[in-house]
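Chain naming here is simple, since letters A, B, ... match the order of the sequence lines and numbering starts at 1 in each.
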Amino acid sequence: MVKIRLTNSRTRKKEDFFPIDPANVRMYVCGPTVYDRAHLGNARPVVVFDTLFRLLRHVYGADHVTYVRNFTDVDDKINAEALRRQQAGAKGTLEELIRERTEETIAWYHADMDALGALRPTHEPRATEYIGQMIAMTEELIRSGHAYAAEGHVLFRVRSYRDYGKLSGRSVDDMIAGARVEVAPFKEDPMDFVLWKPSSAAEPGWDSPWGRGRPGWHIECSAMAHELLGESFDIHGGGLDLQFPHHENEIAQSACAHPHGDFAHYWLHNEMLQVEGKKMSKSLGNFFTVRDLLDQGIPGEVIRFVFLMTHYRSPMDWTADKARAAEATLRKWRAASASVAASSPLPAVVEALADDLNTAGALAALHAAAGEGDWAGLKASAQLMGLLTEHLGAWATAPRVDLSGQAERLAALRAEAMVSKDFSAVDALKAALVAAGVEVRMSKAGVELVPGPGFDAARLEAIK
RNA sequence: GGCGGGUUGGCGGAGAGGUUACGCAGCGGAUUGCAAAUCCGUGUAGACCGGUUCGAUUCCGGUACCCGCCUCCA
């Protein structure tokens, strides 16, 4: 059995991974809020944890891993978008427009993440389908004294959980000193956070013991993880920005509501994404979605490769340069392994992945395999990482065009030129072919024409 | 202010207390009418200052700089 080691944010150490039940390894990852297209930053945890999912399936068996990633479909940005549509004349109630918006966004999300070669998780629960469980959990927290109702809200009593702040290395008192917390008259303590809040008529709401309202953000993950994975499970993942307060709050709620469980054993956090050295933000004009890149003709497989070039715990810089390098490598590997059947993943690749998901090291092992001409091993290993798979490969398939006529013509001109020593006609045709995106290979053996990345059939037609 | 992370050769980016990372680019060569593609060869890097050690880029301490979170943006 391959020994997996993971850096546990909770202990800040790299630890051997021991699942609670090897027959059912369980992982929960915080998913997107479905109000708009996923931007590139959203895609990083998807690829990171997809890679971990694939590794776990490889080690424990495909049927022995349960991966849950939620859709947050209760959110003020969704409400705002639905309201905007209604005011713009869209038909339907607010609830219908919200549902419409989230359905649409989820479909986009699936399409975009599929394009990155991410497997669908075992379960993709939507917050709106677990409101009952959230209410039940909130009631339990009130009953056990960890939460209190006030003015239609229910708040978690942070001081009632001794270990609050442990995951992110903060103390409640330090945080109060920072004083960047929402102060509300009904809070016992400024750090207390919302489990339930009242909804106005213009907001979606559900009936509850505290009146019509909606859940706070953090409770959904605790409720869904409990429902689908149990009181204790193996891995909880997400972006580093979620470590505080989101994950801290999840732990507090879950630990207090289910004192006999210990929630997640291993916490994994991926570092953030940057673009050309800067944080991606709308104000800097470097904000873009996964779909934007795909529409520009950058294949999802290339995006995935670029992500895997950097270890998940380091900030990753997206650059056009890296995309170019990744595309060149993938083209080479795809061409070389196209007609080869995948064997089994190389030990060096599996070991690199098992060592805290060292994807950069795994890619290096792939390069080594390429150097040795082990295309069967390379293909199997790359596929373990979600690369060189069937369904991602369409972009790299050379256009099916018959270039034999041009090739014969070029060969004839060349043969003449060899005698006359006047190569101008040969060079002119070659230049035209290159301009049309055709790779021209001439050797003693003959002339070979291969459609390249920028192949342009129209320009080829123009050559006569 | 609090907490956390980082600083590796032209660029990207890993591992390992002492032996070539790797990729891209570059350079040299083979090959080619010239190229392209391919192949071969080629790089005394480790922010700074101390400490531990026979030996540190790798461990420990400090300094500088950068970044993230604490503002429901992953």
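- Taking the charged nitrogens against the carboxylate oxygens, A/R159 and A/D189 do have a contact shorter than 4.0 Å, which makes a salt bridge.
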List every contact pair, protein side and nucleotides 22-31 of chain B side both N or O, where the distance is under 3.5 Å.
{"unit_1": "B/C24", "atom_1": "OP1", "unit_2": "A/K332", "atom_2": "NZ", "d": "3.3"}

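- Checked by atom type, the side-chain pair A/H269/A/S9 shows a donor-acceptor distance below 3.5 Å.
- For the segment residues 3-12 of chain A, the set of residues with a heavy atom within less than 4.0 Å of an atom of RNA chain B is empty.
- Across all strands shown, B/A47 pairs with B/U63; the Watson-Crick or G-U wobble distances both stay below 3.5 Å.
- Remark: A/H39, A/G41, A/N42 in residues 29-51 of chain A come within less than 4.0 Å of RNA chain B through at least one heavy atom.
- B/G17 and B/C59 have their C1' atoms separated by 8 Å, with the value rounded to a whole Å.
- Residue A/R5 is tested with A/D16, A/N358, A/L357 for a side chain to side chain contact (heavy atoms under 4.5 Å, CB included); the sole match is A/D16.
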A/E416 and A/R414: CA distance, side-chain angles, deciding distance, salt bridge (Lys or Arg N to Asp or Glu O under 4.0 Å) verdict:
CA-CA 5 Å; A/E416 284 172 34; A/R414 183 160 169 261; over 6 Å; no
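- Between the side chains of A/R212 and A/S199, no donor N or O sits under 3.5 Å from an acceptor N or O.
- Under 3.5 Å, the side chains of A/E15 and A/N8 contain a donor-acceptor pair of N or O atoms.
- Across all strands shown, B/G23 forms a Watson-Crick or G-U wobble pair with B/C11, both key distances being under 3.5 Å.
- No hydrogens or angles considered: a donor-acceptor pair under 3.5 Å links the side chains of A/E220 and A/N70.
- Using a 3.5 Å distance cut-off with no hydrogens or angles, the side chains of A/D73 and A/T128 do pair a donor with an acceptor.
- Between A/V158 and A/F193, the closest side-chain pair of non-hydrogen atoms falls below 4.5 Å.
- The partner of B/G68 is B/C3, by the rule that a Watson-Crick or G-U pair needs both atom distances under 3.5 Å.
- Distances shown here put a side-chain N or O of A/T310 below 4.0 Å from the OP1 or OP2 atom of B/G13.
- Counting only heavy atoms from C-beta on, A/H311 has its side chain closest to B/A14 among B/C73, B/C34, B/A14.
- Pairing for B/U31 is absent, with no Watson-Crick or G-U wobble pair whose two atom distances lie under 3.5 Å.
- A/W267 and A/H236 have parallel rings, their planes meeting at less than 30° on a 0 to 90° scale where 60° marks the start of perpendicular.
- Minimum atom distance to the side chain of A/R441 is reached by B/A37, of the listed B/A37, B/G12, B/C70.
- In summary, the side chains of A/E248 and A/S168 do present a donor paired with an acceptor at a separation below 3.5 Å, with no hydrogens or angles considered.
- As the counterpart of B/G18, B/C54 is assigned, both hydrogen-bonding distances of the Watson-Crick or G-U wobble pattern falling under 3.5 Å.
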